[in-house]
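What follows is one structure encoded as structure tokens, with my remarks underneath.
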Amino acid sequence: MPKITIDGQEYQIAKATTILKACEELGIIIPNLCYLDGVSEEASCSICLVEVEGAKTLMRACVTEVTDGMVIRTNTERVRKGRLLNLELLLASHPQDCFVCERNQNCQLRRLAFEMGIQRVRFSKETSISLPIDQSSSAIVRDPNKCILCRRCTAVCEKIQSVRAIEAINRGKRTRISTFMDRGLGNSSCVNCGQCLLVCPTGALVENYHIQGVWKALSDNQKFVVVETAPAVRASIGEEFGLAAGSRITGKMVAALRRLGFKKVFDTQFSADLTIMEEAHELIHRIKNKGPLPLITSCSPGWIKFAEHFYPKVLKHISSCKSPQQMFGAVAKTYYAKKIGIDPRKIVVVSIMPCTAKKFEAHRPEMDAAFRYWKNVMNLDEKEHFVDVDFVLTTREAARMMKEAGIDFTRLADEEFDEPLGISTGAAVVFGATGGVMEAALRTAYEVLTNQPLSDVEFKQVRGLEGIKTAELDLNGLLLKVAVANSLSNARVLLEEVQNGKSPYTFIEIMTCPGGCLGGGGQPIPTDTQTRQKRMEAIYEEDRSKSVRKSHENPAIKQIYQEFLGKPLSELSHQLLHTHYHERNELDTPFLLNKTVKI
Amino acid sequence: MGKTITKEEFSLAKVDAVINKYVGKPGGLLSILEEVQNLNKHKYLPEEVLAYISKKTAIPLSRIYSVVTFYAFFNLKPQGEHSIIICRGTACHTRRSKELLEFIKKMLGIKEEESQEGEKVFLTTADKKFTIKTVACFGQCALAPVVEIDGVIYSHMTENKLKELVSRIARRGKAK
């Protein structure tokens with residue numbers, strides 16, 4: 001092991017360790033804006049400079065490996081000046097409108113400018129060109145003017161998600177990150193996962209904000225505004241209020257939402273239980289009718305768009321079940337509207353999601369089941385068209401609204417969700433973690449298939465943050481091979497097998513984001529491996545705390561089938577709770593079908 | 001010549017042949033783009049053709065766009081039949097290459113606003129006969145100012161010499 005000296009102290013460090021990693025382990029902070037462990041090692045920001053004895057220039061700690069006898073200094077006049085100059089050069093082309101920037105509170109560039117004691121920006125931005133903001137996407141907004149070209153977003157898009165919607169274009173000072181032909185994210189293969197947004201050190205990538213629309217609806221007393229919250233939000237929203245990652249604050253979140261003015265605080269977990277009822281029966285139906293198998297879960301809208309772009313042959317394997325968000329919207333504006341006798345046109349459904357892709361999903365044109373349901377009954381005109389889910393807020397946006405409303409989140413007393421669409425089970429909680437939908441479906445499928453009570457509801461084989469998990473389960477004699485993937489590059493491994501007809505599995509769960517929804521693009525920043533782990537622990541703890549842990553035992557679910565839907569996979573279920581998918585080309589390119597192209 | 005380009009077709013059979021020659025080889029994309037660009041009289045890569053290459057090679061569209069925009073050699077817009085490249089490097093600048101640029105623009109009747117500082121000059125005549133471009137340096141500073149016409153570098157260029165060369169091309173289709 002090489003012996004090295006850092007700031008006068010001697011250490012033994014494993015071979016092939018970078019100076020940055022060695023310092024990290026030793027508790028010496030080396031600032032940087034572009035490094036992402038194992039994902040982005042572009043060395044583009046040049047902030048992580050250190051002095052290495054004998055080297056002519058200052059070295060970048062992120063790409064320089066330690067060698068035996070190396071003498072490193074991390075805090076000298078020369079190091080500080082070098083870092084400062086590089087930071088000033090980044091600031092030279094960065095807008096100075098921090099007030100109105102969404103990342104004002106957690107911008108790494110801004111924080112670094114403070115920590116390095118920048119007093120004034122020496123190089124003015126006068127000569128730089130102002131680039132148009134990309135607002136083509138319903139989920140993500142990109143402001144290239146705030147981009148410092150660190151390449152974290154392109155690295156995550158390529159390595160974690162294998163989507164590659166964005167790349168660096170042009171060169172020299174005209175370099176910027178863009179999509180093919182600058183068509184914008186909304187016209188590309190971008191799946192709206194928002195992982196780029198989580199790693200962006202500045203405000204160049206943010207979600208498409210729905211906050212103003214929600215405030216407007218809340219102040220309109222003609223509207224009946226209800227809210228649904230996804231499982232993973234309760235495991236993370238506390239972080240926005242300074243609580244430790246993994247703090248369980250479900251009751252406080254409910255109280256805060258009620259203070260915001262929502263008429264009813266409901267739970268996406270109710271519709272997660274509903275999803276399980278439909279999906280478990282779909283699985284059983286496909287097993288009994290020999291296919292198409294494997295069945296693949298459909299809750300994660302980033303994954304759905306990914307399949308539509310890259311795996312059109314696999315679409316028939318994907319469950320026709322809508323995601324819990326969309327099932328909620330559909331039943332809130334039909335079943336619930338009927339139950340309380342309110343005009344469905346007055347109901348506004350706001351969902352709070354750990355996700356940016358959910359914004360895109362809510363805007364998919366086919367997501368208007370409630371309107372279709374009422375159209376004939378109420379003799380509605382197409383002009384009165386309404387969608388199932390009106391607004392989608394990320395965890396961050398929801399917290400921001402609470403702050404704007406002056407809600408002292410941490411001092412609120414716990415409150416309960418409203419009935420009946422707020423009643424849920426432990427099976428629905430675990431949706432928030434990778435493997436959770438699989439586990440929840442197995443809890444129900446087992447009992448429905450075998451007619452016997454499940455002794456241990458915890459399927460630990462499918463838990464944890466590994467990229468791909470597989471298990472072979474014995475459902476009372478029926479052997480079931482299952483697989484779970486999180487992040488789309490991992491999903492590809494399973495999808496290639498499915499596409500080639502060689503998949504050994506019966507049931508596959510795919511979640512777009514690392515760790516599942518708890519690591520979603522709508523979650524508090526930072527979202528890293530440690531916070532993911534903590535949020536996951538909170539989710540499984542919440543599951544254990546629930547008295548009912550199987551979806552089919554949810555009394556509100558039993559009720560909705562009795563009063564409204566009939567049984568799982570009924571005609572009404574299909575009308576409201578199921579959907580279809582279609583192949584997408586990144587470009588609308590009919591010319592590809594022709595033999596020649598006219599130019 | 002005087003032919004319109006609207007009837008011309010980009011033969012996908014020829015594009016396929018180029019792709020098959022290089023697909024999977026290291027640096028293959030560059031060779032594909034170069035040869036495909038040369039398949040066309042106007043020496044450019046239309047968006048549709050880039051999309052076709054992406055589909056055939058499984059290289060993401062974003063990557064192809066990245067490569068095409070990185071290299072000055074690739075064109076996304078049709079080029080005139082003849083190219084006139086004015087060197088705007090320091091040596092040529094001090095020898096009045098800017099005036100040469102303005103002169104040739106005027107001579108060919110191009111009345112576009114001056115490009116933004118730092119942007120590439122790229123101007124094509126309405127009849128698609130001539131394209132005027134600039135380059136940062138040809139590396140022929142001792143011969144400044146230099147102008148490249150259809151691949152040949154001419155040294156110590158003057159307005160009169162330029163006028164003569166371009167008029168000859170306009171008349172006979174070549175400079176010599």
Side-chain angles (χ1 to χ4, degrees), chain A residues 93 126-131 149 151 153-155 157-159 161-185 187-191 196 306 309-312 492 496 583-599, chain B residues 3-16 19 29 36-37 39-79 115-122 128 136-137:
Chain A
S93 59
E126 279 162 50
T127 52
S128 297
I129 305 152
S130 208
L131 299 164
L149 300 171
R151 312 291 211 280
C153 54
T154 52
C157 195
E158 178 183 348
K159 291 185 192 157
Q161 300 299 42
S162 67
V163 170
R164 304 184 71 174
I166 46 174
E167 265 278 9
I169 65 152
N170 298 337
R171 81 194 131 117
K173 73 169 189 179
R174 295 173 67 238
T175 306
R176 60 203 159 82
I177 307 297
S178 189
T179 55
F180 179 63
M181 301 307 287
D182 303 305
R183 285 159 177 263
L185 291 170
N187 306 312
S188 74
S189 59
C190 169
V191 301
C196 55
F306 181 79
H309 277 294
F310 300 103
Y311 289 93
R492 271 191 194 268
E496 286 296 323
E583 183 173 355
R584 280 174 201 272
N585 276 323
E586 182 162 353
L587 304 168
D588 184 25
T589 46
F591 61 89
L592 288 176
L593 306 171
N594 299 335
K595 283 263 182 276
T596 54
V597 185
K598 299 227 163 165
I599 52 163
Chain B
K3 278 183 197 157
T4 59
I5 60 157
T6 46
K7 288 278 161 62
E8 195 182 1
E9 286 177 351
F10 224 114
S11 155
L12 286 200
K14 282 184 185 165
V15 177
D16 281 340
I19 292 172
L29 178 60
V36 169
Q37 177 166 291
L39 285 178
N40 181 272
K41 181 166 81 173
H42 292 282
K43 304 267 184 283
Y44 81 118
L45 293 160
E47 192 176 321
E48 291 83 354
V49 169
L50 294 180
Y52 184 79
I53 293 171
S54 166
K55 200 166 171 88
K56 284 278 173 170
T57 58
I59 297 168
L61 285 168
S62 61
R63 180 76 193 149
I64 291 179
Y65 189 50
S66 175
V67 170
V68 169
T69 54
F70 184 88
Y71 294 100
F73 175 81
F74 296 120
N75 308 306
L76 288 163
K77 288 185 212 148
Q79 307 285 293
S115 309
Q116 224 171 345
E117 192 64 38
E119 299 288 308
K120 272 193 286 189
V121 171
F122 180 96
K128 299 256 191 299
C137 183

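All chains are named by letter (A, B, ...) in the order of the sequence lines, taking the proteins before the strands, and each is independently numbered beginning at 1.
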Which atoms of L76(B) come close to chain A, meaning under 4.5 Å heavy atom to heavy atom: side chain ones, backbone ones, both, or neither? side chain

More than 12 foreign heavy atoms under 6.0 Å from CZ of R63(B): is that the case here? no

Who passes side chain to side chain contact (heavy atoms under 4.5 Å, CB included) against K56(B), sequence neighbours left out? D16(B), I19(B), Y52(B)

Side chain to side chain, E167(A) and V67(B), heavy atoms closer than 4.5 Å: no

What are the two closest non-hydrogen atoms of T69(B) and N170(A), and how far apart are they? OG1-N, 2.9 Å

Using a 4.5 angstrom heavy-atom cutoff, name the option from I169(A), I166(A), T179(A), T175(A) with the most pairs to chain B. I169(A)

Is S62(B) reaching over with its side chain to a backbone N or O of R164(A), donor-acceptor style, under 3.5 angstrom? yes

Specify which of S189(A), A168(A), G172(A) makes the most heavy-atom pairs with chain B at under 4.5 Å. A168(A)

Side chain proximity check, N585(A) to K55(B), heavy atoms < 4.5 angstrom: yes

On a heavy-atom basis, the closest approach of D182(A) and Y65(B) is OD2-OH, 2.7 Å

